[in-house]
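Owing to the predicted nature of the structure, the values given are computational and were not obtained by experimental measurement. Just so you know, ligand 1 is whichever comes first in the structure, and atom 1 is the first atom listed for that ligand.
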Amino acid sequence: MPPARIRSAVDADLPDLVRIYNHYVVHSHVTFDTHPFAVEARESWFRGFAPSGPHRLLVAEIDDEISGYASSGSFRAKPAYRTSVETTVYLAPERVQRGVGPALYAALLGELEAEGEVHRAYAGIALPNPASIALHTRLGFTLVGTFREVGFKFGKFWSVSWYEREIPALRHSSH
Ligand SMILES: CC(C)(COP(=O)(O)OP(=O)(O)OC[C@H]1O[C@@H](n2cnc3c(N)ncnc32)[C@H](O)[C@@H]1OP(=O)(O)O)[C@@H](O)C(=O)NCCC(=O)NCCS
């Protein structure tokens with residue numbers, strides 16, 4: 001497989017990002033959305049990211065096809081949470097287990113570290129998801145704790161483990 005090209009998302013990527021995400025909405029417990037999105041319904045989510053600042057959306061392209069994405073979004077809305085982000089990563093199902101996830105996620109964390117606005121990254125992993133736990137652990141996340149049976153999908157309850165990683169280069173902002 002040729003190497004992935006990692007870059008910030010642009011508007012034209014949105015249909016591919018929705019297609020990738022909808023696969024997991026419909027077929028897995030790893031996201032707690034339960035109904036697939038129309039592309040237009042995902043626009044407000046997409047507009048929450050920018051090529052600079054704490055809320056970023058990176059895509060991996062292989063052979064000119066979008067193979068996955070990683071994002072750092074708002075962790076919680078209240079302003080004192082502005083130095084924390086929630087990170088996530090989704091690959092097209094045919095692109096898993098080839099190192100694309102670690103490459104995307106490392107690029108995202110590298111950008112956050114270089115910019116220095118973010119102090120902590122958090123990731124919620126619906127269990128079981130050994131690949132995601134391995135990915136987050138490899139990239140320096142540690143387990144904070146588990147919300148037990150916090151979600152209900154496909155007729156059963158699911159637990160979510162939350163992982164945390166320091167983003168070391170924070171330059172404290174006074175705002
Ligand atoms: C989770 C995901 C991003 C990982 O990306 P990936 O490119 O497939 O990851 P890799 O194959 O390079 O593997 C990363 C690590 O997971 C391990 N791993 C992969 N699949 C595994 C599995 N089924 N069981 C156990 N470990 C697994 C690899 O051995 C590797 O471990 P290492 O870093 O210790 O060597 C990707 O599988 C994915 O998109 N999954 C579906 C969506 C999802 O679950 N997103 C995360 C939501 S929290």
- Message: Do R56 and F49 form a cation-pi contact, if we require the NZ or CZ to be under 6.0 Å from the six-membered ring centre and within 45 degrees of the ring's axis?
- Response: no

- Before signing off on this row, confirm whether S132 and ligand 1 have an N or O atom pair separated by under 3.5 Å. no

- Query: What part of V89 sits under 4.0 Å from ligand 1 if we count only heavy atoms: the side chain, the backbone, both or neither?
  - Reply: both

- Query: atom 25 (C) of ligand 1: which of A4, A134, P130 has the nearest heavy atom?
  - Reply: P130

- Query: Which atoms of ligand 1 are found less than 4.0 Å from any heavy atom of V96?
  - Reply: 8 (O), 36 (C), 37 (O), 38 (C)

- Task: Would you indicate whether the side-chain heavy atoms of Y122 and Y163 approach each other to under 4.5 Å?
- Result: no

- Y105 vs L58, side-chain contact (heavy atoms from CB on, under 4.5 Å): CA-CA, chis, key distance, verdict: CA-CA 9 Å; Y105 222 71; L58 299 184; over 6 Å; no

- How does Y24 reach ligand 1, if at all, at less than 4.0 Å between non-hydrogen atoms: by side chain, backbone, both, or neither? side chain

- Message: Does only the side chain of N129 get under 4.0 Å from ligand 1, or the backbone, or both, or neither? Count heavy atoms.
- Response: side chain

- Message: Could you work out, for atom 12 (O) of ligand 1, the closest of A103, G99, A70 by heavy-atom distance?
- Response: G99

- Task: Mark the output for G124 as yes if a heavy-atom distance to ligand 1 is under 4.0 Å, and as no if none is.
- Result: yes

- Message: Over 60° means perpendicular and under 30° means parallel, so tell me whether W162 and F147 are parallel, tilted or perpendicular.
- Response: tilted

- Per atom 8 (O) of ligand 1, closest listed option by heavy atom (R95, Q97, R98, H136): Q97

- Task: Starting from atom 2 (C) of ligand 1, locate the nearest protein heavy atom and write down its residue, its atom name and how far away it is, to 0.1 Å.
- Result: L135 CD2, 4.3 Å

- Query: Can you say whether the rings of Y21 and F37 are parallel (under 30°), tilted (30 to 60°) or perpendicular (over 60°)?
  - Reply: tilted

